[in-house]
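Both counts, for ligands and for their atoms, begin at 1 and track the order of listing.
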Amino acid sequence: MELRAAIASTKLGFDDVIASFPAAIKSRRGERVIEGAFAARARLEDNTVGYDTIAAAGSHACILHWTKNDGAVRPGELLLLDAGIERESYYTADITRTLPVSGKFTEEQKMVYEAVLEAADAAFKIVRPGITFNEVHAAAMEVIAAKVAEWGLIPVSAEESLSGLQYHRRYMVHGTSHHLGLDVHDCAQARREFYHDGEVKEGMVFTIEPGLYFQPDDTTVPENLRGIGVRIEDDILVTANGAENLSAGIPRTVAEVEKWLAS
Ligand code: GLY
Ligand code: MN
Ligand code: MN
């Protein structure tokens with residue numbers, strides 16, 4: 001399948017990005033070094049990038065669709081890399097990994113990262129033909145609400161937030177999934193009954209991409225969490241009785257990511 005090949009190429013691009021970290025740290029515009037490393041692989045391997053690369057270091061990760069990429073990459077911070085390689089056939093991957101620039105997560109970074117990973121895994125677990133697209137989002141949001149309630153960031157319980165004023169959405173301000181294929185936001189113009197309210201069917205591919213974003217000036221958040229932004233995005237194929245994470249081969253857990261960065 002073309003998408004599998006696009007994801008395999010994207011993995012190589014992410015490897016190149018990691019190899020570019022020393023040069024990125026030295027540059028005034030380290031994020032551009034990263035964007036360039038990924039773009040070089042995209043042009044060499046396949047057609048090009050499927051969409052503008054988001055190379056968001058430090059608190060830039062809290063700005064959705066940060067594609068200016070003109071910032072510095074600092075040791076100790078996270079890099080949120082949302083990038084995908086497009087094949088000659090125009091099928092594109094859409095992958096996000098959030099990587100500790102120095103190779104190891106701090107305690108705070110790890111706590112946020114593992115919450116997002118849990119949300120992603122909870123959403124993935126329910127995918128099978130017959131569920132609605134909206135249910136995938138709801139599964140992720142249950143975890144996000146539980147975590148921010150547990151950390152004392154919201155003034156109500158997770159249950160109240162989910163059924164009421166959605167306080168948790170302050171820290172996760174985008175959707176969890178979109179269809180993927182020839183376009184990064186495939187079929188985005190589709191009518192509601194075929195998209196968010198639509199049934200998930202075998203053979204569909206969509207992303208699961210929860211995140212948590214703590215703005216650097218958000219006083220509802222303890223100081224040690226401010227400026228941390230994490231997203232994990234995978235490309236999911238709906239199978240006859242479940243789902244396959246097509247990008248599971250790109251390290252996702254804290255231990256896998258740290259091992260990847262050390263190699
Ligand atoms: N790269 C855009 C998105 O993840 O939807
Ligand atoms: Mn996406
Ligand atoms: Mn993306």
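- For Glu233, a nitrogen or oxygen atom sits less than 3.5 Å from a nitrogen or oxygen atom of ligand 1, counting backbone and side chain alike.
- Of the candidates Asp94, Leu180, Asp52, it is Asp94 that places a heavy atom closest to atom 3 (C) of ligand 1.
- When side chains are defined from C-beta on, Asp186 does not count as touching Phe206, because their heavy atoms never get closer than 4.5 Å.
- The Mn ion (ligand 2) sits nearest to atom OE2 when only the N, O or S atoms of Glu209 are considered.
- A side-chain N or O of Ser247 and one of Asn245 form a donor-acceptor pair less than 3.5 Å apart.
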Stepwise side-chain contact (heavy atoms from CB on, under 4.5 Å) check, Val230 with Leu80: CA-CA 7 Å; Val230 172; Leu80 185 156; 5.9 Å; no
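- The distance from ligand 1 to the heavy atoms of His185 drops below 4.0 Å at these ligand atoms: 2 (C), 3 (C), 5 (O).
- Note on Val49: it clusters hydrophobically with Ile7, by side-chain heavy-atom contacts below 4.5 Å among ILVMFWY residues.
- Every atom of ligand 1 with a heavy atom of Asp82 under 4.0 Å away is listed here by number and element: 1 (N), 2 (C), 3 (C), 4 (O).
- At the Mn ion (ligand 2), the vertex angle linking OD2 of Asp94 with NE2 of His178 is 90° (nearest 10 degrees).
- The Mn ion (ligand 3) lies under 2.8 Å from an N, O or S atom belonging to Glu233.
- Within the listing of ligand 1, atoms 2 (C) sit less than 4.0 angstrom from a heavy atom of His65.
- Ring-centre distance between Phe133 and His179: below the 6.0 Å cut-off.
- His174 and Glu209 are not linked by any side-chain donor-acceptor pair at a separation below 3.5 angstrom, with hydrogens and angles left out of the test.
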